[in-house]
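Structure record follows, encoded as structure tokens.
Since this is a predicted model, take the numbers as computed values, not measurements. Residue numbers begin at 1 in each chain, while the letters A, B, ... track the order of the sequences.
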2 protein chains.
Amino acid sequence: MTFGEYIREIREEKQLLLREVASQMNIDTALLSKIERGTRMARKEQAEALAKVLKQNKNELLQFWMADKIVFMLKDEKNSTEILKIVEQKINRLSKK
Amino acid sequence: MTFGEYIREIREEKQLLLREVASQMNIDTALLSKIERGTRMARKEQAEALAKVLKQNKNELLQFWMADKIVFMLKDEKNSTEILKIVEQKINRLSKK
DNA sequence: CTTACATTAGACAAATATTGACAAGTCAAA
DNA sequence: TTTGACTTGTCAATATTTGTCTAATGTAAG
């Protein structure tokens with residue numbers, strides 16, 4: 001499930017309209033529609049605004065948002081698993097210091 | 001070790017000058033210097049050109065290059081490990097399909 | 001010290017990419 | 001057919017990235 005699918009699900013659970021949520025975020029309805037459908041990437045501030053409007057844990061949603069960005073980078077790579085291993089090693093080394 | 005550190009090591013092993021490698025890549029010496037020092041990110045084509053000039057395995061170097069980009073995105077995140085887990089799950093699900 | 005050459009730093013314009021809004025479109029329910 | 005929710009395409013404005021130039025710094029040899 002992508003970030004967009006996720007927030008759409010929450011929005012629908014809460015029975016909110018695109019128009020309502022977008023308005024609270026101070027963005028165009030069309031833009032929110034695109035974010036939910038994945039044709040546009042939310043900016044960090046927008047992800048934060050979404051957490052607020054949809055009453056979600058901000059850090060958790062931001063993690064999801066960031067994960068989405070990385071998945072997007074990797075989605076066309078045939079060696080994505082291998083790349084992730086390298087990343088993990090590097091991150092582990094970084095965090096030790 | 002970052003991508004830049006890595007290629008600098010190889011270049012020095014081969015006793016090549018920045019000027020020589022940059023010239024073969026058709027870029028300015030200053031730019032290659034920055035790439036090696038990590039103040040600029042190489043573009044994909046430049047990473048490929050480096051593989052060629054330094055006679056490295058292209059796919060391997062590109063993996064390293066991509067890993068570096070992701071590490072760069074995650075380096076300021078406190079929950080990078082958590083984020084990576086989410087990414088892995090998503091990637092695994094994607095590759096199943 | 002000077003010279004010569006390698007590398008680096010900073011600033012800039014040009015090229016690219018991202019962003020948000022608008023207008024027009026589809027779609028479904030009434 | 002009207003209404004309201006959502007979607008799509010396009011565009012100008014803005015922001016970011018890119019590569020180069022010049023000047024600075026480092027360094028080894030004479």
Whole angstrom value for the distance that separates P of D/dC6 from CG of A/L32: 9 Å

Rounded interatomic separation in angstrom, taking NZ from A/K69 and P from C/dT18: 10 Å

Test item: A/N57 side-chain N/O and A/E60 main-chain N/O as donor-acceptor pair under 3.5 Å: yes

Under-4.0 Å side-chain N/O to phosphate OP1/OP2 contact, A/R8 with D/dT7: yes

Atom pair distance, as rounded to whole Å: CD1 in A/I27 and C1' in C/dA21: 11 Å

Nearest to side-chain heavy atoms of A/K34, which nucleotide of C/dT8, C/dA23, D/dT10: D/dT10

Neighbour count >12 (heavy atoms, 6.0 Å) for atom NZ, A/K75: yes

Heavy atoms from other residues, nucleotides or ligands near CD of B/E13 exceed 12 (cutoff 6.0 Å): yes

Under 4.0 angstrom between B/R43 side-chain N/O and D/dT16 OP1 or OP2: no

Sugar-phosphate only, base, or nothing, as touched by B/L31 at under 4.0 Å among non-hydrogen atoms: base

Rounded distance [0.5 Å steps], CD1 in B/I91 versus CG in A/L74: 5.0 Å

Sugar-phosphate, base or nothing in reach of B/Q46, heavy atoms under 4.0 Å: sugar-phosphate

Between D/dA12 (P) and A/D28 (CG): distance, integer Å: 17 Å

Spacing between A/F72 atom CZ and C/dA17 atom P, to the nearest angstrom: 13 Å

Given C/dT8, D/dC6, C/dA23, the nucleotide with the shortest approach to the side chain of A/L17: D/dC6

Distance in angstrom units between A/L18 CG and D/dT7 C1', rounded: 9 Å

B/R19 CZ - C/dT8 P separation (whole Å): 14 Å

B/K14 NZ: over 12 foreign heavy atoms closer than 6.0 Å: yes

Nucleotide C/dA9, atom P - distance to CD1 of B/I35 in whole Å: 14 Å

Residue met sooner reading DNA chain C from 5', once B/E36 and A/A42 are mapped to nucleotides: B/E36

Short side-chain N/O contact to C/dT8 OP1/OP2 from B/R37, under 4.0 Å: yes

Sugar-phosphate only, base, or nothing, as touched by A/R40 at under 4.0 Å among non-hydrogen atoms: base

